[in-house]
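Values below: all heavy atoms of this structure, side chains included; hydrogens, waters and symmetry mates excluded. The sequence lines fix the lettering, A, B, ..., with proteins before strands; numbering per chain opens at 1.
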Protein chains: 4
Amino acid sequence: MEDTKRTKIVDAATKVFAEKGYHYATMSEIAKEAGMSTGLIYSYFENKLDILLSIIRIFWKKINRLNQDKFITVKDPLDKILIILQNFEDLLIKDEKALCQVKVLNEALPHIFMIKDKRLQEKRYEIILNNKELIDTIDEIITDGQKKGIFDDSLNPSVLRQVLCGTIERVIYGLFFKTYSGEDIGYDADDAHKAIVKLIEKFILK
Amino acid sequence: MEDTKRTKIVDAATKVFAEKGYHYATMSEIAKEAGMSTGLIYSYFENKLDILLSIIRIFWKKINRLNQDKFITVKDPLDKILIILQNFEDLLIKDEKALCQVKVLNEALPHIFMIKDKRLQEKRYEIILNNKELIDTIDEIITDGQKKGIFDDSLNPSVLRQVLCGTIERVIYGLFFKTYSGEDIGYDADDAHKAIVKLIEKFILK
Amino acid sequence: MEDTKRTKIVDAATKVFAEKGYHYATMSEIAKEAGMSTGLIYSYFENKLDILLSIIRIFWKKINRLNQDKFITVKDPLDKILIILQNFEDLLIKDEKALCQVKVLNEALPHIFMIKDKRLQEKRYEIILNNKELIDTIDEIITDGQKKGIFDDSLNPSVLRQVLCGTIERVIYGLFFKTYSGEDIGYDADDAHKAIVKLIEKFILK
Amino acid sequence: MEDTKRTKIVDAATKVFAEKGYHYATMSEIAKEAGMSTGLIYSYFENKLDILLSIIRIFWKKINRLNQDKFITVKDPLDKILIILQNFEDLLIKDEKALCQVKVLNEALPHIFMIKDKRLQEKRYEIILNNKELIDTIDEIITDGQKKGIFDDSLNPSVLRQVLCGTIERVIYGLFFKTYSGEDIGYDADDAHKAIVKLIEKFILK
DNA sequence: AATGAATGAGTGTTCATTCAT
DNA sequence: AATGAATGAACACTCATTCAT
């Protein structure tokens, strides 16, 4: 029950943050969207920033958990990269509601750096750790693929990862923009998927 | 003279916005950084948002002008793409001061959508036009390259462009982060350049 | 049974008000201290201010009743004054728990004046009456003592009473402070008693 | 000029705090009383509590300075005590505006203990020091008087000081109450003065 | 042209109070 | 009778913007 409320708030905030941007969103808008009063939000979260942090934290946790779950049975570097992609798509694209998380995630960085509240330091640290976990995971997979002679080894793993992540982020952000603005962006979820797979095949594979 | 002041403000704001994020930056910080009083800023800009808009507008204008200038003598699609990349690098990477524009550009989108001030509508429209101009330019180049049989034509131009732009944005953002946080990101400006060129060769070329 | 609950609330509130001050004390702290839920407090009291009022009202009532009870057999003005002192000490000093009432009584005045709630007007009036009763009692004793030639009659009764009450209040407040802060104040309950008795002998007696 | 503004705010706040009590007083009331906007107050004070602290700090500083100034030429313990009394009267009674400080000073204690803001810790410490300075000064005078055989030495200095201060506080508070409520309290400033002097003569002197 | 003191609208947050269970 | 989740009014505080000098 308590968890339902937290989820409601997180979902409402994700929507409002995505629509208006963190600072333009007000607590009463979030409360209204969540179907409750402003005060109640403060029973579940320390403050506004805490909600933003929670959105991000939950997302990275989910991604990391999904990845680790599937990596147990998969060993091939290419398959692992494809699994990471698939997990991103599962979490963001297949649930249209969740798509707006991309924008919130995109906007979050400056706010994470502005955290002064001591109560939030730990949560901030956790986010950084979770983020680092994904980065390290990808970098290890790439390094592994290069050692095994499967991946292109003329570039260092960090740049390869940046190219991959930048692509995924941008392509999915486009889908969010399409959904929420209604404007045509020239491609759909299927095109996006094919493009990233092709990027992996042509750019990352040897 | 007036132009010097405007430039000073734009430069100061770019720095402060990049360091703190648009909303955490205050007008008095910008004024201090620009070496003038808060009030004077309002002689050159309508309001805070107007400064942000100007930063973006100036950047897109410069990019478009640089592109068009060089496109006069260049006709090959691949060369054109490489010129666009080079222009980005000239504007952002080669001047360390300007590097922080990446972050401002990254953060700007939500604010552009929140413009209510009628005086800014025109400027907003101009930005969207400038942005669209670059997008259209790239899309045309890609379409042209595909027609000429030079570029991969299994993906539509919009997605190809997103992959390219997402990569450039992310890779350069990494360089900004490195410069301003001092942390190691595993690659430098040279690696970044090579990676993008390789992306073009392996992913965009047939 | 109902009375037990009321007493529990009053005792808990007295403690919390004394420790934190009326406004810094929250209803949930009082409820926790009283071992019940916040809601239940509202079955016994109109609101937060009502609890404060009750604490004060109960104290003045007790003092007045104790005084009147003992005055039946005592007629000498000096003895009467000493009885009032003894009653104060019985109610405050001898029960360490009750000592914190001094602080609550001290802080109460501004709140009594801010009562707007109509339901509390009557209670407020009662407090003022009870307070006035003690004042009048003391003033009458002093007047009587002056008439009988026992008390110094070079000062009017009101000022004499203020000196006496100010002394008692301050000296007992010191004891409260000592108990709750643990700091040394340079005197104990016994010193306090002797000082007040000496004040009566040297200052009020002729 | 800046000092005029600070003084205006301090005076306004003293009045409003005295009338309503610290917590019932709002910043906009203080601003209105001071003839300025809410925001401007924050150019001169950290926050609401800082104003309260300043009122108290200024008062204790003034008292201590006045005392030390006059103690240079006076050596007799009795004269010193009378000078302290006179200074209190000069600061509080002779300026009717300043009289309301008594109430603010009376109410301040719980708030001083609730200070969490780091920026105010130093100011808090200064107040405690100033307060201690007066206490120590009085205690030294009394000890000196007892050694010289002038003062009653059957009670320890701390209690004697409490009796004196409690009396002064209470008697002056009565005058404040009279002025601001318009009610008759049975004595005036002159009676108050005589009472305290008589207290010193009869109770403190041997 | 230039200043920065002054404004006040806007919002996050708290907490007394209510009420469904 | 008892709970504590839920409410929302109230207020401190910030900061973009203005304007007297």
Side-chain angles (χ1 to χ4, degrees), chain A residues 1-2 4-5 8-9 22-32 34-51 117, chain B residues 1-2 4-5 22-32 34-52 117, chain C residues 1-2 4-5 22-32 34-52 117, chain D residues 1-2 4-5 22-32 34-51 117:
Chain A
M1 184 59 199
E2 182 183 307
T4 316
K5 283 276 158 58
K8 266 186 187 167
I9 297 166
Y22 177 76
H23 261 111
Y24 295 103
T26 67
M27 290 302 276
S28 67
E29 278 173 310
I30 297 170
K32 207 178 172 187
M36 62 183 70
S37 66
T38 338
L40 193 56
I41 295 181
Y42 288 85
S43 306
Y44 297 91
F45 295 91
E46 301 283 355
N47 51 36
K48 196 183 175 187
L49 197 48
D50 189 20
I51 308 177
D117 194 324
Chain B
M1 180 60 194
E2 181 182 309
T4 318
K5 285 273 160 60
Y22 177 77
H23 259 112
Y24 294 103
T26 66
M27 289 302 276
S28 69
E29 278 174 308
I30 296 170
K32 207 179 174 186
M36 62 183 69
S37 68
T38 346
L40 194 54
I41 295 181
Y42 287 85
S43 305
Y44 297 91
F45 296 91
E46 300 283 354
N47 51 35
K48 194 183 177 185
L49 199 48
D50 189 20
I51 307 177
L52 180 67
D117 195 323
Chain C
M1 179 64 195
E2 181 180 310
T4 318
K5 285 273 161 58
Y22 177 76
H23 259 112
Y24 295 103
T26 66
M27 290 301 276
S28 68
E29 278 174 309
I30 297 170
K32 207 179 172 185
M36 62 183 69
S37 67
T38 346
L40 194 55
I41 295 180
Y42 287 85
S43 305
Y44 297 92
F45 295 91
E46 301 283 355
N47 51 35
K48 193 182 176 186
L49 198 48
D50 189 19
I51 307 178
L52 181 67
D117 194 324
Chain D
M1 183 59 197
E2 179 182 310
T4 319
K5 284 274 159 60
Y22 177 75
H23 261 111
Y24 294 102
T26 67
M27 290 302 277
S28 67
E29 278 173 310
I30 296 170
K32 206 178 173 186
M36 61 183 70
S37 65
T38 338
L40 194 56
I41 295 180
Y42 289 86
S43 306
Y44 297 92
F45 296 91
E46 301 282 354
N47 50 36
K48 194 182 175 187
L49 198 48
D50 189 21
I51 307 177
D117 195 324

Please encode protein proximity along nucleotides 16-21 of chain E as a string of B, S and -, counting only heavy-atom distances under 4.0 Å. SBB---
Could you give the CD1-to-P distance, from D:Ile51 to F:dA12, as a whole number of Å? 10 Å
At their closest point, which heavy atom of A:Lys5 faces which heavy atom of A:Met36, and how far apart are they? CD-CE, 3.6 Å
Please determine if a side-chain N or O atom of C:Tyr44 lies less than 4.0 Å away from the OP1 or OP2 oxygen of F:dA2. yes
Round to the nearest Å and state the distance from A:Lys32 atom NZ to E:dT11 atom C1'. 16 Å
Could you tell me whether the phosphate oxygens of E:dA1, OP1 or OP2, come under 4.0 Å of any side-chain nitrogen or oxygen in B:Lys5? no
Please lay out, stage by stage, how B:Asn47 and B:Asp117 fare under the test side chain to side chain contact (heavy atoms under 4.5 Å, CB included). CA-CA 10 Å; B:Asn47 51 35; B:Asp117 195 323; 3.1 Å; yes
Please report, rounded to the nearest Å, how far the P atom of E:dC15 is from the CD1 atom of C:Ile41. 15 Å
Choosing from F:dT7, E:dA5, E:dA2, which nucleotide comes nearest the side chain of B:Ser37? E:dA2
Atom CG of B:Leu52 and atom P of F:dA16 are separated, to the nearest Å, by 13 Å
Specify the closest pair of heavy atoms between C:Ala25 and C:Lys48, including all atoms of both residues, with the distance to one decimal. O-NZ, 2.7 Å
Nearest-0.5 Å distance that lies between atom CD1 in B:Ile51 and atom OH in B:Tyr22: 7.5 Å
Closest non-hydrogen atom pair between B:Tyr24 and B:Glu29, with its separation: O-OE1, 3.7 Å
Which heavy atom of A:Ile9 sits nearest a heavy atom of A:Ile30, and at what distance? O-CG2, 4.3 Å
Take atom CD1 of B:Ile30 and atom P of F:dA16, then tell me their distance rounded to the nearest Å. 8 Å
Heavy-atom pair of closest approach, residues B:Ser37 and B:Ala31: C-CB, 3.7 Å
Want to know the stems of DNA chain E: at least 3 consecutive Watson-Crick or G-U pairs with distances under 3.5 Å, which are they? E:2-21 with F:2-21
Set of side-chain hydrogen bond (donor to acceptor under 3.5 Å, both in side chains) partners for B:Tyr42, sequence neighbours left out: none
